[in-house]
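Counting begins at 1 with the first residue of the sequence. Computed from a prediction, not measured in an experiment: that's the story for all the values here.
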Amino acid sequence: MFTKQGPTVRELAVQALSSTERGYDLLAPKFDETPYRTPDRVLDAVTRAVRELGPFDTGLDVCCGTGAGVGVLRQLCRERAVGVDFSAGMLAEARRAFPPGSEGPAVHWVRADARSLPFAPAFDLALSFGAFGHFLPAERFGLFAEVYGSLRPGGQFVFPLGAPPPVGSRAYWSLFGFDAAMRVRNALWRPRFVMYYRTFRLGDVLEDLTQAGFVVRLLPLTELGPRPDGSPRARLVVATREG
């Protein structure tokens with residue numbers, strides 16, 4: 001993260017003391033040089049898994065950031081890919097990454113809050129990468145309901161979900177410490193910066209998706225390897241709007 005191309009410690013501190021939206025506006029020019037960007041191997045694994053669920057004409061990247069998910073949609077959708085995000089800075093970077101006239105389906109960018117999506121049921125596919133930590137658990141059902149309302153009947157909402165790290169492992173304590181620090185920061189400082197790693201638990205997610213109207217299944221992302229116990233390191237959540 002602290003390379004010449006990535007944000008400096010000072011820049012990260014300023015971002016962390018900003019609101020979520022303002023923080024991402026500031027981070028946007030260097031976001032792709034940080035570990036926060038979804039790794040290409042995850043994007044590729046999801047692309048191959050979702051291709052088997054198609055075909056798709058139109059796709060929506062929810063909380064698109066700098067557009068990595070739109071790159072996936074351009075490989076999967078025949079007609080149109082739309083990225084939606086509330087950060088003007090992130091959308092500016094995404095537009096630079098996918099200039100008009102590029103080959104593939106048409107690409108459009110929309111600035112909006114994912115908790116209030118401005119779309120009729122227009123999409124065959126919706127996906128999201130790495131954004132759910134920015135929503136509090138109480139907001140999750142409303143977010144899923146907005147995605148449901150943006151899909152045509154038969155449309156699918158997909159996203160990868162990694163297995164939690166083993167309790168007591170270095171990764172476990174790292175995430176635990178990050179979430180604890182964010183809770184202290186948000187208790188003492190305004191505006192809040194919402195980013196929590198340990199609030200998006202599989203059981204709760206499946207329940208909220210079902211309550212929003214989706215029929216849900218899980219597919220192992222075998223390309224990302226197994227855990228020591230043989231279970232998948234990551235799964236693809238496939239939520240279908242059937243009605």
Side-chain angles (χ1 to χ4, degrees), residues 1 20 31-32 34-54 59-66 68-69 71-73 75-76 114 125-145 147-148 156-183 193-212 214-241:
M1 186 180 297
T20 312
F31 179 80
D32 286 350
T34 73
Y36 303 129
R37 183 190 183 274
T38 303
D40 286 340
R41 65 189 185 91
V42 175
L43 297 172
D44 292 342
V46 169
T47 300
R48 283 187 277 269
V50 176
R51 184 173 285 119
E52 301 300 316
L53 307 176
L60 175 67
D61 183 4
V62 181
C63 305
C64 66
T66 55
V72 171
L73 291 175
Q75 299 177 63
L76 297 172
L125 175 65
L127 51 72
S128 192
F129 291 95
F132 297 123
H134 296 302
F135 299 93
L136 298 172
E139 300 173 316
R140 193 167 47 228
F141 166 79
L143 168 67
F144 293 162
V147 177
Y148 183 94
Q156 298 175 82
F157 178 32
V158 303
F159 51 87
L161 187 59
V167 176
S169 66
R170 178 180 295 183
Y172 174 88
W173 287 115
S174 176
L175 298 182
F176 182 92
F178 181 92
D179 282 9
M182 290 302 299
R183 291 184 187 281
F193 190 100
V194 177
M195 179 65 235
Y196 298 110
Y197 284 105
R198 299 174 67 249
T199 58
F200 201 72
R201 299 181 179 90
L202 178 60
D204 298 333
V205 168
L206 298 181
E207 181 178 350
D208 286 342
L209 285 167
T210 301
Q211 290 185 357
F214 287 106
V215 176
V216 189
R217 58 186 171 131
L218 302 175
L219 302 177
L221 290 171
T222 55
E223 291 182 40
L224 300 180
R227 304 176 79 194
D229 64 2
S231 62
R233 191 176 298 277
R235 293 180 171 90
L236 185 71
V237 178
V238 181
T240 302
R241 174 176 176 168

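Using bins of under 30°, 30° to 60° and over 60° for the plane-to-plane angle, the ring pair Phe200/Phe144 lands in the perpendicular bin. The aromatic rings of Phe157 and Phe214 sit tilted relative to each other, their planes meeting at an angle between 30° and 60°. Note: Trp173 and Phe176 have perpendicular aromatic rings, judged against thresholds of 30 and 60 degrees for the angle between ring planes. Relative ring orientation between Phe178 and Tyr197 is described as perpendicular, the plane-to-plane angle rising above 60° on a 0-90° scale split at 30° and 60°.
In this structure, Asp179 CG and Ser174 OG are separated by 9.5 Å, a value rounded to the nearest 0.5 Å. Going from atom CG of Asp61 over to atom CG of Leu73 covers 5.5 Å, rounded to the nearest 0.5 Å. Asp44 contributes atom CG, which lies 11.5 Å from atom CG of Leu221 (distance to the nearest 0.5 angstrom). In this structure, the separation between CG on Leu125 and CG on Leu53 is 8.5 Å, given to the nearest 0.5 Å. In this structure, Gln75 CD and Arg48 CZ are separated by 9.0 Å, a value rounded to the nearest 0.5 Å. To the nearest 0.5 Å, atom CG of residue Leu236 and atom CG of residue Leu161 are 10.0 Å apart.
Of all the heavy atoms in Pro160 and Val42, the pair that sits closest is CG-CG1, 4.2 Å. Listed here is the closest heavy atom pair of Pro165 and Ser169: CB-OG, 3.7 Å. Counting all heavy atoms, side chain and backbone alike, Leu76 lies closest to Thr47 at CD2-O, 3.6 Å. Across all non-hydrogen atoms, the minimal contact from Arg217 to Leu219 is NH1-CD2, 4.1 Å. The shortest non-hydrogen separation linking Arg37 to Ala68 is NH2-CB, 4.1 Å. Pairing each heavy atom of Thr20 with each of His134, the nearest pair is CG2-ND1, 3.9 Å.
Put simply, the side chain of Leu206 reaches to within 4.5 Å of the side chain of Leu218, judged on heavy atoms.
Judged purely by atom type and a 3.5 angstrom limit, Arg241 uses its side chain to pair as donor or acceptor with the backbone of Tyr148. In this structure, Asp208 contributes its side chain and Arg140 its backbone to no donor-acceptor pair below 3.5 Å. When atom types are taken as modelled, the side chain of Thr199 and the backbone of Pro137 share no donor-acceptor pair closer than 3.5 angstrom. Using a distance-only test at 3.5 Å, with no hydrogens or angles considered, a donor-acceptor pair links the side chain of Arg227 to the main chain of Pro164. A donor-acceptor pair under 3.5 Å is formed between the side chain of Ser128 and the backbone N or O of Val62.
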**OP:** Verify side-chain contact (heavy atoms from CB on, under 4.5 Å) between Val205 and Phe159, making sure each step is shown before the conclusion.
**Re:** CA-CA 11 Å; Val205 168; Phe159 51 87; 3.9 Å; yes
Subject >> side-chain contact (heavy atoms from CB on, under 4.5 Å) assessment of Phe129 paired with Val46 >> reply: CA-CA 10 Å; Phe129 291 95; Val46 169; 3.8 Å; yes
**OP:** Would you check, one step at a time, whether the test side-chain contact (heavy atoms from CB on, under 4.5 Å) holds for Val50 with Leu127?
**Re:** CA-CA 10 Å; Val50 176; Leu127 51 72; 5.9 Å; no
